[in-house]
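Before any comments, here is the structure.
Index from 1, following the sequence. Note that the structure is a prediction, hence the values are computed from the model and not measured. Just so you know, ligand 1 is whichever comes first in the structure, and atom 1 is the first atom listed for that ligand.
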Amino acid sequence: MERIYPDIAILTGAGISAESGLATFRGSDGLWNNCRVEDVATIEAFHRNPEFVHDFYNEMKSELIKATPNPAHLAITRLQKEYPGQVNIITQNVDTLHEKAGSQNIYHIHGQINQAVCLNCGHILESWGDVTTETVCPHCETPGMMKPNIVFFGENLLYMDKVDRLLKNCGIFISVGTSGVVWPAAGFVQIARLNGAETFEFNLEQTSNNFYFDRHITGPAGTTLPRFVEEFLNKQKNG
Ligand code: OAD
């Protein structure tokens, strides 16, 4: 009889990129300790002071372009290559370290730092260069309407129809490096679990969401995730 390999959905957050030298949001040196959400991550802030918001994300972009993936990102790529079933990545991260690690099937639900979206026509511009209030949309040619393609607080997440299907169909749900306080991503584990998935949490510490996980793997993801993937793949091979 043909063996069935359950789909795997992996939710990643800022913690997976911490060992690449990127700050998380809520740690002691977290981004939200140094600046206010209300100044840089709401649509009101963008309309009030677009120059300031563009500068903030241009600066972030200049940092993120230099970042390189760490063993946790590479472990996911290995899992995608060697596991016979589907492995999908749902990431809250706006960095592109999963792409740099060679992963596929990546859904950036909070947007991507290397993109801007035209508020006039919806066109997505891919660019590692600065985007400013002068930038002209290459599609509708309107100036001054490009917004960083970052999902601000109060905006709808991206790819949610697809993500909902992935969560309902996965047999294994793995969360890596997210505090589980930002909704709706914080509720993904519940959707997966209610639909029968086995659930794993990789984090430095137990999170407020820990009740919904079958297993907690505590420690730095750059160490714990490669070990888990190695053991998981061996178990698959040996039946
Ligand atoms: P947080 O900063 O809230 O949480 C990071 C989590 O990673 C914490 O639970 C840490 O314990 C854990 N962590 C840190 N280093 C780790 C490591 N080496 N290995 C494993 N775990 C580690 O970041 P997120 O949960 O990603 O939204 O935050 C969610 C969203 O809030 C972000 O996407 C961002 C922010 O507002 C947008 O930018 C739209």
Side-chain angles (χ1 to χ4, degrees), residues 10-46 53 56-61 63-64 67-76 89-98 101 106-117 147-160 163 173-189 200-213 215-229:
I10 305 182
L11 172 68
T12 63
I16 196 172
S17 299
E19 289 162 79
S20 293
L22 303 183
T24 61
F25 291 91
R26 297 175 181 78
S28 52
D29 60 346
L31 210 55
W32 293 150
N33 290 332
N34 300 320
C35 64
R36 290 173 1 123
V37 168
E38 300 82 359
D39 292 335
V40 294
T42 66
I43 197 70
E44 292 78 16
F46 183 65
V53 174
F56 178 83
Y57 290 102
N58 285 333
E59 169 80 27
M60 186 186 280
K61 203 187 296 188
E63 288 304 312
L64 296 189
T68 54
N70 68 57
H73 299 100
L74 296 170
I76 295 178
I89 302 169
I90 304 161
T91 187
Q92 299 167 90
N93 298 341
V94 301
D95 67 47
T96 54
L97 293 181
H98 288 302
I106 306 162
Y107 299 92
H108 280 273
I109 55 173
H110 287 174
Q112 279 177 242
I113 193 71
N114 61 330
Q115 293 182 347
V117 57
K147 166 192 171 286
N149 196 22
I150 307 290
V151 174
F152 291 152
F153 282 86
E155 291 187 308
N156 290 331
L157 267 57
L158 308 176
Y159 307 112
M160 280 312 286
V163 165
F173 175 86
I174 299 174
S175 162
V176 187
T178 175
S179 55
V181 298
V182 175
W183 287 78
F188 288 177
V189 60
F200 298 80
E201 178 174 62
F202 289 77
N203 202 300
L204 287 181
E205 57 196 22
Q206 287 209 0
T207 64
S208 52
N209 236 352
N210 75 82
F211 175 76
Y212 296 103
F213 289 95
R215 264 189 71 195
H216 301 274
I217 297 92
T218 307
T223 304
T224 55
L225 202 55
R227 199 186 296 146
F228 173 85
V229 167

- [ ] For V182, take its heavy atoms, then give the atoms of ligand 1 lying under 4.0 Å from any of them.
- [x] 29 (C), 30 (C), 31 (O)

TODO: List every atom of ligand 1 that sits less than 4.0 Å from any heavy atom of G13, numbering the atoms from 1 in the order shown and giving each element.
DONE: 26 (O)

Open item on the list: Could you tell me, atom by atom, which parts of ligand 1 come under 4.0 Å of a heavy atom of A18?
Closed with: 15 (N)

- [ ] Pick whichever of G15, A185, S17, A14 has a heavy atom sitting closest to atom 23 (O) of ligand 1.
- [x] A14

Open item on the list: What I want to check is whether the side chains of N70 and E19 have a donor and an acceptor closer together than 3.5 Å.
Closed with: no

TODO: Tell me which part of N203 gets within contact of ligand 1: side chain, backbone, both or neither, using heavy atoms under 4.0 Å.
DONE: both

- [ ] Tell me which protein heavy atom sits closest to atom 15 (N) of ligand 1, plus the residue, atom name and distance to 0.1 Å.
- [x] L204 CD1, 3.4 Å

TODO: Identify, for atom 36 (O) of ligand 1, the protein heavy atom at the shortest distance, and state residue, atom and that distance.
DONE: W32 NE1, 2.9 Å

Open item on the list: If only side-chain N and O atoms count, and only distance matters, is there a donor-acceptor pair under 3.5 Å linking N203 with E201?
Closed with: no

- [ ] Check ligand 1 against E205 and write out every atom of the ligand that is under 4.0 Å from a heavy-atom position of the residue.
- [x] 11 (O)

TODO: Without swapping roles, check the side chain of H108 against the backbone of N93 for a donor-acceptor pair under 3.5 Å.
DONE: yes

Open item on the list: Minimum distance, heavy atoms only, to atom 34 (C) of ligand 1: which one of F25, F153, F152, F202 is it?
Closed with: F25

- [ ] Among all protein heavy atoms, pick the one closest to atom 29 (C) of ligand 1 and tell me residue, atom and distance.
- [x] Q92 OE1, 3.4 Å

Task: Top protein contact for atom 37 (C) of ligand 1, by heavy-atom distance - done: H110 ND1, 3.8 Å

TODO: Considering the heavy atoms of A221, write down every atom of ligand 1 situated less than 4.0 Å from one of them.
DONE: 17 (C), 18 (N), 19 (N), 20 (C)

Task: Enumerated ligand 1 atoms positioned under 4.0 Å from heavy atoms of G219 - done: 19 (N), 20 (C)

